[in-house]
Structure formats: structure tokens, C-alpha cells
There are 2 protein chains.
Amino acid sequence: MDCNVVDRLKGRGIIPSAHRVAIGDYVLRTIEHPSADQVWERVKTSFPVLSRATVYNTLNLFVRKGLLQELILAEGKVVFDPNVADHHHLVEEDSGIIYDIPWDAVQVSGLDTLTDLEIDSYQVVARGRKRRH
Amino acid sequence: MDCNVVDRLKGRGIIPSAHRVAIGDYVLRTIEHPSADQVWERVKTSFPVLSRATVYNTLNLFVRKGLLQELILAEGKVVFDPNVADHHHLVEEDSGIIYDIPWDAVQVSGLDTLTDLEIDSYQVVARGRKRRH
DNA sequence: CCATAGTTTTAGAGTAAGTCTAAAGATATA
DNA sequence: TATATCTTTAGACTTACTCTAAAACTATGG
């Protein structure tokens with residue numbers, strides 16, 4: 001699963017252009033939940049000729065192809081998570097940092113009794129903060 | 001709890017100006033989860049002299065005072081929910097409609113075992129659709 | 001190696017949600 | 001009535017994001 005980015009793009013039918021690989025090299029490995037503009041700022045440092053539109057196009061492409069998950073959890077802006085397996089989230093209000101919570105750490109029951117709802121997916125969104133050990 | 005809007009504002013230390021009451025008359029009773037601009041459009045029909053800034057100021061004031069809950073669940077936009085009691089949400093992707101799910105309908109366990117997290121609040125966010133009976 | 005058709009990238013304009021500002025208008029109290 | 005405080009306003013500004021049309025790539029067949 002953690003093979004190189006070129007192969008992961010090809011595996012989803014995405015032509016691995018230099019720009020896309022540069023973006024993927026960052027966004028498919030990070031645990032930072034960056035926004036699109038944060039991805040742009042970051043990737044530009046190592047790959048200077050890069051327009052904003054390309055970053056947005058590429059991120060949206062990755063989402064469509066299942067390489068990224070789009071999250072709308074906090075501060076009115078969309079962030080991206082390369083962890084596309086089901087999992088829950090903790091939003092740290094002060095810092096805006098978002099942490100992943102493993103799926104198995106939390107159990108949710110009762111959704112199946114809501115017979116008037118057809119549920120495709122769900123997650124727990126928690127607000128709070130990470131303890132400074 | 002469902003007493004008139006003027007008293008509810010006063011109860012939170014908010015001066016019940018005509019504008020605020022007009023906005024509250026709609027937003028504190030609706031189950032529609034409107035965005036700020038939707039509130040503006042709607043309230044303007046019955047209260048024409050109303051600027052966008054006033055609507056945003058008032059909604060933010062209501063949130064600070066605990067009369068409204070701000071939700072960031074779908075489509076990158078903030079919506080408001082006068083149901084400030086804890087509850088869960090279902091986001092209908094196609095329509096953008098958000099439905100409340102009663103707190104007691106769902107049980108979540110395991111969050112307390114995450115000892116490195118200090119959790120203030122949480123909710124289940126489900127994606128799917130309401131069955132057309 | 002060239003032609004060409006398709007794909008990708010670009011700069012910059014456009015859009016929409018939301019915030020800020022400074023002035024004007026209300027309101028309350030003494 | 002005077003004055004201090006609070007509220008509202010129009011419109012400019014900001015930020016996140018999308019669109020557009022042209023330019024630059026890339027792949028393939030001949």
C-alpha cells in the first residue's frame with residue numbers, strides 16, 4: 001500500500017505527470033490534514049512552477065479516484081486526509097489541528113434502528129484537545 | 001423553552017432590537033439548517049431594511065450566547081441549528097439537506113478509553129438520505 | 001522524426017461567503 | 001436635553017475556490 005506515488009497514481013488510472021507526483025508526494029503521505037492552499041504553499045517550495053488551479057484540480061482528482069478523503073470538519077474550510085479507511089476525528093478548536101481516531105477505538109450503535117434513514121457512512125466528530133502527556 | 005423570542009434574547013443578555021427579533025423569529029424556530037445568506041434572503045422578505053453585516057453579526061452573537069449552534073458539516077459552508085441540545089446529524093449529499101438525529105437514538109462508546117484526548121463534545125455525522133416513506 | 005490528437009498546466013479573472021470599517025442612527029439614563 | 005453606549009448600515013475588502021482560454025506537454029501512428 002505504501003509503494004511509490006507513481007504506481008499508486010497509475011493504479012487508479014491517473015497519468016503520473018511530474019506535477020501530480022510532486023503534489024502526491026506530499027499530500028498522500030502527510031498526517032497534517034492540510035487545506036488546498038496549504039498544499040499549494042508547501043509543494044511550491046520544492047516545485048516552484050505550480051499554479052493554484054493545478055493543485056485544486058489535482059486534489060479533486062485524487063478525491064474522485066479514492067486516493068484522498070475530503071473533510072469538512074472545522075473552521076469552514078475543506079481539508080484532505082490521505083487515510084481513506086473509515087476513521088473518526090478529533091478537532092482541536094484552538095489550533096485547528098485535526099487528529100485521526102482509529103475506527104476500532106470507538107463503537108457506535110443504534111444507527112440501524114433508524115429505519116427511515118439510509119446511511120452510507122458515518123463518523124464520530126469530537127471536539128477537544130490532545131493531552132500534552 | 002419555546003416562549004417568545006424577545007424573552008429568550010433578554011434571558012441571554014441580548015438587547016432585543018427589532019432587527020434581532022426579526023432574525024430570531026426565523027432562525028430560532030426553523031428546522032431548515034439555513035446558511036447565513038439564506039437567513040438574510042429569508043428575513044429580508046418580511047423586514048426589508050436589513051444589511052448582510054447585521055445578519056452575520058446577529059447570528060454570531062446568537063452562537064456566542066448559546067442560542068444557536070454552528071455546524072460545519074457539508075459542502076464547505078456553515079449552517080445554523082437552533083437545536084442546541086446535543087444531537088447527531090444526517091447529511092443528505094444530493095440535496096444538501098441536514099436532518100437532526102436525536103441524541104438517544106445512537107450510543108457511542110469507547111471515547112473514554114482514549115486517555116490522550118480531552119473531549120469536550122462529540123457527535124455522529126452520518127451521510128446518506130432520508131427514505132421517502 | 002513529424003504530425004496530430006488528446007491531456008495537462010498556466011495566469012489571471014471571476015465568484016461567493018464572510019469580515020471589517022467608519023459613519024449614521026437608536027436608545028437609555030441622568 | 002446632553003451624552004454615552006449600542007446597533008445598523010453600505011460597501012470595500014479578504015479569502016477560498018472555480019473557471020477560462022491559451023500554451024505546453026505526451027503518446028501514438030505513419
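Atoms considered below: every heavy atom in the structure, side chains included; atoms not considered: hydrogens, waters and symmetry mates. The chains referred to below are lettered A, B, ... by the order of the sequence lines, with proteins before strands, and numbering in each begins at 1.
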Task: Spacing of D37(B) atom CG relative to dT15(C) atom C1', expressed in whole Å - done: 13 Å
TODO: Send over the distance from L59(B) CG to dA17(C) P, rounded to a whole Å.
DONE: 14 Å
Open item on the list: Using the ring centroid of each side chain, check whether H89(B) and Y99(B) are separated by less than 6.0 Å.
Closed with: no
- [ ] Let me know the distance between CH2 of W40(A) and P of dG12(C), rounded to the nearest Å.
- [x] 11 Å
Open item on the list: In whole Å, I'd like the distance from the CG atom of L61(A) to the C1' atom of dT18(D).
Closed with: 16 Å
Task: Residues that D86(B) engages under side chain to side chain donor-acceptor pair (under 3.5 Å), provided they are two or more places apart - done: none
Task: Nearest-Å distance for atom pair CG/P, residues L9(A) and dT26(D) - done: 15 Å
TODO: Spell out protein contact along nucleotides 3-13 of chain D as letters: B when the base is contacted, S when just the sugar-phosphate is, - when no protein heavy atom is under 4.0 Å; keep the 5' to 3' order.
DONE: ---SSSBBB--
Task: B/S/- contact track for nucleotides 24-30 of chain C, protein heavy atom under 4.0 Å - done: -------
Open item on the list: If only side-chain N and O atoms count, and only distance matters, is there a donor-acceptor pair under 3.5 Å linking E32(B) with Y26(B)?
Closed with: yes
- [ ] State the CG-NZ distance between N4(A) and K10(A), to the nearest 0.5 angstrom.
- [x] 8.0 Å
Task: Whole-Å distance separating the OH atom of Y56(A) from the P atom of dT20(D) - done: 17 Å
- [ ] Could you state the atom-to-atom distance from NZ of K44(A) to C1' of dA11(C) in whole Å?
- [x] 13 Å
- [ ] Please work out which of the three classes, parallel, tilted or perpendicular, describes the rings of F47(B) and H19(B), given edges at 30° and 60°.
- [x] perpendicular
Open item on the list: Please determine whether salt bridge (charged side-chain N to carboxylate O under 4.0 Å, His left out) holds for the pair E92(A) and R132(A), giving the CA-CA distance in whole Å, both sets of side-chain angles, and the decisive distance to 0.1 Å.
Closed with: CA-CA 12 Å; E92(A) 199 169 66; R132(A) 313 266 153 246; 3.3 Å; yes
- [ ] Using the salt bridge (charged side-chain N to carboxylate O under 4.0 Å, His left out) rule, take E70(A) and R127(B) through it: C-alpha gap first, then chi angles, then the decisive distance, then the call.
- [x] CA-CA 13 Å; E70(A) 199 178 77; R127(B) 314 253 158 195; over 6 Å; no
- [ ] Tell me yes or no: between the side chains of D100(A) and H33(A), is some donor less than 3.5 Å from an acceptor?
- [x] yes
